[in-house]
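Working notes, beginning with the structure itself.
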Number of protein chains: 2
Amino acid sequence: MNLKQNNVNCKNCSLDNICFPRGLSQEEINSINQIIRPKQTLHRGEYIFRGGETFKGVLAIKSGTAKQVSNDFDGNEHILNILLPGELLGFDGFINNKYHYSAIALETLSYCVLPAQSMDDIFYKVPTLSKELFRHSCERINDYKEFYVLGKRPAEERLAHFLISLSDRLKKRGFSASKFTLSLTRQEMGNHLGLALETISRLLKKFQQEDLISCKSKHIEILDIPRLRAIFTYTE
Amino acid sequence: MNLKQNNVNCKNCSLDNICFPRGLSQEEINSINQIIRPKQTLHRGEYIFRGGETFKGVLAIKSGTAKQVSNDFDGNEHILNILLPGELLGFDGFINNKYHYSAIALETLSYCVLPAQSMDDIFYKVPTLSKELFRHSCERINDYKEFYVLGKRPAEERLAHFLISLSDRLKKRGFSASKFTLSLTRQEMGNHLGLALETISRLLKKFQQEDLISCKSKHIEILDIPRLRAIFTYTE
DNA sequence: CGTATTATTGACTCCATTCAAAGATAGTGG
DNA sequence: CCACTATCTTTGAATGGAGTCAATAATACG
């Protein structure tokens with residue numbers, strides 16, 4: 001462990017209003033600071049954790065992006081979600097003390113850890129954080145409910161929703177809402193959205209012809225956010 | 001409020017190992033007993049809560065079944081889940097202090113309430129229950145992940161999974177795993193699974209011709225659980 | 001008993017998949 | 001730095017699974 005890692009703490013982290021410290025007081029942030037293990041760095045393709053591994057804690061992406069992946073028994077990969085900085089993962093490890101899905105870095109990535117062995121401590125001593133973790137997990141439930149409903153919609157709506165959802169989440173984290181690099185292949189996007197990679201390709205072309213987006217390889221620019229948003233009609 | 005309602009308590013409830021008291025000690029069960037509001041009764045079609053309503057608490061189905069429903073802005077209903085006795089609902093109310101989805105009784109139903117106003121108390125004073133609630137919410141995340149992956153599979157697998165999932169959950173609750181009454185129309189099943197009602201009708205017929213199930217109106221009997229289970233290949 | 005809702009069945013249609021082949025891009029080593 | 005290779009993307013054509021439409025049958029309900 002080097003000094004640079006130790007420098008990371010929640011107090012001076014730009015994600016403090018999104019990540020673990022959301023809703024906590026200064027004192028509480030100080031106290032979780034002693035619990036959170038500072039960031040670890042990974043590169044594209046490396047595993048943050050694997051399905052089946054023992055629960056090591058709830059994690060927070062500090063920088064970079066990741067995909068959450070489930071494997072069925074045929075060996076098929078299912079991309080459950082894309083994770084952005086400030087987003088938490090690993091809640092499922094709380095069930096039977098092991099992770100049920102894998103998380104893989106999509107690009108150079110760093111993350112912080114709320115270690116499994118301190119979870120009990122948190123429930124006993126930091127009720128505000130327990131509550132916050134609970135709220136986070138409830139939010140994930142809502143995310144998946146949205147995915148689930150969206151899964152019944154036509155391909156065009158699914159892709160539009162995916163792009164807008166990314167845009168919204170990036171904006172919330174201080175990144176550009178209209179211009180970003182998506183470290184996913186067409187294959188991976190299709191996998192995540194339950195569509196063939198050819199369908200993704202055709203739809204991206206269509207969106208470009210309609211001047212909704214511009215897209216060169218992995219660089220995506222949304223040219224008309226409201227019109228793209230209007231494509232998927234489903235709202236809570 | 002009548003005496004009969006007051007008689008309900010977690011200590012003598014048959015669902016104590018599934019519902020709120022799961023994993024709690026006798027003393028802790030005594031203490032939550034004072035928090036949990038005893039059962040309320042509803043009839044088919046009545047709302048347990050409506051999307052948009054203020055969060056009144058996390059609920060537990062005591063008897064009967066319910067559907068969890070989301071409405072898109074076109075007024076279309078989306079059945080997110082079917083709830084059985086001992087299952088908890090209303091976690092989403094924890095976000096912004098309101099429910100985001102509705103819950104509707106599918107038949108005569110009774111439920112218990114862990115009131116919203118005591119949630120803070122629980123986080124501060126009953127860490128074991130906080131932890132248990134957190135675990136429950138994490139399990140719901142996993143449920144929806146499973147739905148999400150399954151949503152990409154063909155119609156036959158989805159219906160097979162739905163029936164087996166019901167069977168498994170009923171068994172866990174002490175009901176018959178092979179014979180049950182499903183208070184859902186073909187329309188509702190189709191809605192939940194993202195299929196047309198005609199598709200449900202055709203598939204149920206097919207399953208019957210293959211001697212996998214027998215089904216007279218709402219009464220379903222699974223004749224060959226292993227073979228029905230083998231239809232959906234996806235496993236965690 | 002009659003009416004409304006729900007279920008079945010068939011015919012046709014369409015959206016997205018699959019198959020196939022060519023084109024673009026990125027990464028590697030000489 | 002360029003050539004070479006592997007991977008990824010685009011595009012077209014054909015196929016198919018599930019949806020839609022429609023008409024009839026069965027069931028539930030007041």
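Below, chain A is the first sequence line, B the second, and so on; all start at residue 1. Atom set for the values below is all heavy atoms of this structure, side chains included, hydrogens, waters and symmetry mates excluded. Given the structure is predicted, the values throughout are model-derived calculations rather than measurements.
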Please give, in whole Å, the distance from [N] [atom2] to [X] [atom1]?
| X | N | atom1 | atom2 | result |
| --- | --- | --- | --- | --- |
| B/Leu203 | C/dT9 | CG | P | 13 Å |
| B/Arg158 | D/dG17 | CZ | C1' | 11 Å |
| B/Arg153 | C/dT17 | CZ | P | 13 Å |
| A/Leu193 | C/dT17 | CG | P | 10 Å |
| A/Lys152 | D/dA18 | NZ | P | 16 Å |
| B/Met189 | D/dA18 | CE | P | 17 Å |
| B/Leu159 | C/dA7 | CG | P | 13 Å |

Worksheet item: Is the shortest side-chain N to carboxylate O distance from A/Glu87 to A/Arg173 below 4.0 Å?
Response: yes

Worksheet entry | Ring-face cation of A/Arg50 near A/Tyr47 (centre distance under 6.0 Å, axis angle within 45°) | yes

Fill in: Quiz item: cation-pi between A/Lys145 and B/Tyr101, 6.0 Å / 45°
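Yes, a cation-pi geometry holds between A/Lys145 and B/Tyr101.
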
Worksheet item: Nearest nucleotide by nearest heavy atom, which residue falls closer to the 5' end of DNA chain C, A/His219 or A/Pro154?
Response: A/Pro154

Worksheet item: Just checking A/Gly194: base, sugar-phosphate only, or nothing, at a heavy-atom cut-off of under 4.0 Å?
Response: sugar-phosphate

Discussion item. Is it true that, when you exclude B/Lys179 itself, more than 12 heavy atoms of the residues, nucleotides or ligands shown sit nearer than 6.0 Å to its NZ?
Written reply: no

Discussion item. Return a single string for nucleotides 5-16 of chain D, one symbol per nucleotide in 5' to 3' order, where B is base contact, S is sugar-phosphate-only contact and - is none, cutoff 4.0 angstrom on heavy atoms.
Written reply: ----SBBBB---

Item to complete: Could you tell me whether the side chain of A/Phe147 reaches within less than 4.5 Å of the side chain of A/His192, counting heavy atoms only?
Response: yes

Item to complete: Determine, stepwise, if the pair A/Glu221 / A/Ser178 fulfils side chain to side chain donor-acceptor pair (under 3.5 Å).
Response: CA-CA 5 Å; A/Glu221 185 174 359; A/Ser178 57; 5.2 Å; no

